[in-house]
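For clarity, every value in this text was computed on a predicted model and none was experimentally measured. One-based numbering, in listed order, for ligands and for the atoms of each.
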Amino acid sequence: MNGKPLRAWAQIDLTALRSNVSALKAKAPTAAFMAVVKADAYGHGMVPCAKAAVEAGATWLGTATPEEALALRKAGLTARTLCWLWTPGGPWRECVEADIDVTVSGLWALREVTAAAEEAGRTARVQLKIDAGLGRNGAQPEQWPELTAQARAAEEAGLIKVTGVWAHFSCADEPGHPSIERELTVFRQALAVAEAAGLEPEVRHIANSPGTLTLPEAHFDLVRPGVAMYGISPVPQIGSPAEFGLRPVMTVAGRLASVKRVPGGHGVSYGHQYVTPGETTLALVPLGYADGVPRHASGTGPVLVAGKWRTVAGRVAMDQFVVDLGGDAAEPGDEAVLFGPGDGGEPTAEDWARACGTIAYEIVTRIGGRVPRVYVGDTGGRTRSDDDGAACPRA
Ligand SMILES: *Cc1c(COP(=O)(O)O)cnc(C)c1O
């Protein structure tokens, strides 16, 4: 340990993550819990978050890509794991051999997975996906009878076992939206068709975070929360994280790289979109769009520096941005907190989302690989994503 302070970091509170899993499980007490850890656990770090979720009672892990699912296995995670975003020629055989449940949305995928099962000499665990109305992946209802019949034939041939049937909501984050009932109806019909084809799925599931929190009738056998597990409200118009018993897991901060007095009329950052209104102090935050700070935060993103919310002054650059401290004092090395749980006076990811015209999902997920993740509340083993031995930032 060389104890060098970090330039910037994303602190990941695994105690909060475990507590969020417990809170969500309490909302869906009869359903199994699939922790969705795709996209590097929404930027929080896939393996440490998956481990913490399993410790808190998740019995399934969910990823978008097969490569993510395989990475979980490689890291030693043995929980049931489902992945859903396949393209032709994907690593079907590797997933079958790693006991990963794979999603099939069409006949091409069923052909590829049965061929892989035959080659591997093992039964593939397959979950069939219906498009209940999202218009993204999943079989269209017209193709469903044929897909389920062929899946049943592959079961009879010993090549696959259909372990699940599932769908994904389009507008679960808008409670009362008419699509919700429509999609539940399509899903129930699809389940009936699957049953009539002779399939006996172990898990039927449709609920993402908003479905888990606001639609008990959509819990079925398993819920698949992602963003809520990271302590972000999927329905901020209805409730804050605290109102749902959730706590944000990620805090992004950095240390000021420069603090200096400048005269009035001084342009700030590329394009001089901001010009100092009078003599003032400018502080330089060493995080930019290469680190995932949206360029759309130019002139609008909130940052806690020297005890107050400041606003990004001028444009966010690739590696850095500036805040105007007005008459306030600060020193190089002082902390600038972009977002966190909010109870230390800092903005939240939701505040950044509003400032940038996006959703908090994107704010946390886009935090880049140059920002080291610093894990707190880990119950064992390694506590850092990088191995340079630097000290943890101030607790
Ligand atoms: C991302 C994703 C989830 C989790 O969604 P949240 O809104 O983050 O809870 C669940 N299911 C599928 C298929 C997904 O792609």
Side-chain angles (χ1 to χ4, degrees), residues 17 20-21 23-25 27-28 31-44 46 49-50 53 58 60-69 72 80-87 100-105 109 127-139 163-175 177 179-180 183-184 187 190 203-215 218-239 241 244-246 248-250 349-350 353 358-366:
L17 188 142
N20 295 338
V21 170
L24 290 161
K25 278 172 62 75
K27 300 264 185 211
F33 190 97
M34 178 185 289
V36 177
V37 294
K38 64 188 180 186
D40 203 23
Y42 295 40
H44 295 65
M46 183 172 70
C49 290
W60 286 79
L61 298 169
T63 69
T65 71
E67 290 78 11
E68 292 170 320
L72 288 168
R80 290 290 289 278
T81 299
L82 174 70
C83 58
W84 46 77
L85 191 56
W86 287 87
T87 47
I100 290 165
D101 290 63
V102 301
T103 298
V104 160
S105 290
Q127 302 211 0
L128 301 177
K129 183 174 184 194
I130 177 85
D131 183 355
L134 175 59
R136 225 166 58 173
N137 219 335
T163 59
V165 171
W166 67 278
H168 195 41
F169 280 120
S170 61
C171 311
D173 56 345
E174 297 175 50
H177 194 283
S179 68
I180 293 171
E183 291 172 11
L184 278 171
F187 184 51
V203 285
R204 305 158 298 159
H205 48 105
I206 189 169
N208 51 2
S209 293
T212 303
L213 289 172
T214 70
L215 295 168
H219 290 169
F220 292 92
D221 305 312
L222 177 149
V223 293
R224 302 191 308 265
V227 83
M229 189 171 66
Y230 306 104
I232 289 168
S233 173
V235 283
Q237 76 282 21
I238 291 184
F244 288 115
L246 304 171
V249 171
M250 183 189 286
E350 188 58 41
T358 182
I359 53 177
Y361 289 72
E362 188 183 0
I363 297 296
V364 292
T365 304
R366 69 206 311 276

*Asks:* Provide, to 0.1 Å, the distance between atom 11 (N) of ligand 1 and the closest protein heavy atom, together with that atom's residue and name.
*Replies:*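 Minimum-distance protein heavy atom for atom 11 (N) of ligand 1 reads Arg224 NE, 2.9 Å.
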*Asks:* Identify the closest protein heavy atom to atom 14 (C) of ligand 1: which residue and atom is it, and at what distance?
*Replies:*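 Going by distance alone, atom 14 (C) of ligand 1 is nearest to Lys38 NZ, 2.9 Å.
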*Asks:* Should the pair His205 and Trp166 be assigned to parallel (<30°), tilted (30 to 60°) or perpendicular (>60°) ring geometry?
*Replies:*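 Ring orientation of His205 relative to Trp166: parallel.
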*Asks:* Mark yes or no for whether Ser233, through its side chain, and Gly239, through its backbone, hold a donor-acceptor pair below 3.5 Å.
*Replies:*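 Yes.
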*Asks:* Just by distance, no angles: are the side chains of Gln127 and Thr103 close enough, under 3.5 Å, to form a donor-acceptor pair?
*Replies:*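 Looking only at side-chain atoms, Thr103 and Gln127 do not form any donor-acceptor pair under 3.5 Å.
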*Asks:* What do you reckon, does Pro225 have a nitrogen or oxygen under 3.5 Å from a nitrogen or oxygen of ligand 1?
*Replies:*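 No: no nitrogen or oxygen of Pro225 is under 3.5 Å from one in ligand 1.
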*Asks:* So, the side chain of Gln237 versus the backbone of Asp173: is there a donor-acceptor pair under 3.5 Å, distance only?
*Replies:*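 Yes: the side chain of Gln237 pairs with the backbone of Asp173.
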*Asks:* Whether the side chain of Asp40 engages the backbone of Tyr42 through a donor-acceptor N/O pair (distance < 3.5 Å, no angle test) should be reported.
*Replies:*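 Pair absent, no side-chain N/O of Asp40 close to backbone of Tyr42.
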*Asks:* Any side-chain heavy atom of Asp101 sitting closer than 4.5 Å to one from Trp84?
*Replies:*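 Of all side-chain heavy-atom pairs linking Trp84 with Asp101, none is under 4.5 Å.
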*Asks:* Do me a favour and list the nearest non-hydrogen protein atom to atom 7 (O) of ligand 1 with residue, atom name and distance?
*Replies:*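 Nearest protein contact, heavy atoms only, for atom 7 (O) of ligand 1 is Tyr361 OH, 2.6 Å.
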*Asks:* Under 3.5 Å between any N/O of Gly226 and any N/O of ligand 1: does that happen in this structure?
*Replies:*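 Yes, since at least one N or O of Gly226 sits under 3.5 Å from an N or O of ligand 1.
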*Asks:* From atom 13 (C) of ligand 1, work out which of Trp166, Tyr230, Phe169, Tyr42 has a heavy atom at the shortest distance.
*Replies:*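 Residue with the shortest heavy-atom distance to the ligand atom: Trp166.
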*Asks:* Report, in ascending order of atom number, the atoms of ligand 1 lying under 4.0 Å from any heavy atom of Val227.
*Replies:*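 So the atoms of ligand 1 that pass are 6 (P), 8 (O), 9 (O).
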*Asks:* Of the side chain and backbone of His168, name the one, both, or neither that has a heavy atom under 4.0 Å from an atom of ligand 1.
*Replies:*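 Only the side chain of His168 comes within reach of ligand 1.
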*Asks:* Between the side chain of Ser209 and the main-chain N/O of Gly226, is any donor-acceptor distance below 3.5 Å?
*Replies:*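 Yes: the side chain of Ser209 pairs with the backbone of Gly226.
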*Asks:* List the closest protein heavy-atom neighbour of atom 9 (O) of ligand 1: residue, atom name, distance to the nearest 0.1 Å.
*Replies:*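 For atom 9 (O) of ligand 1, the nearest protein heavy atom is Ser209 OG, 2.5 Å.
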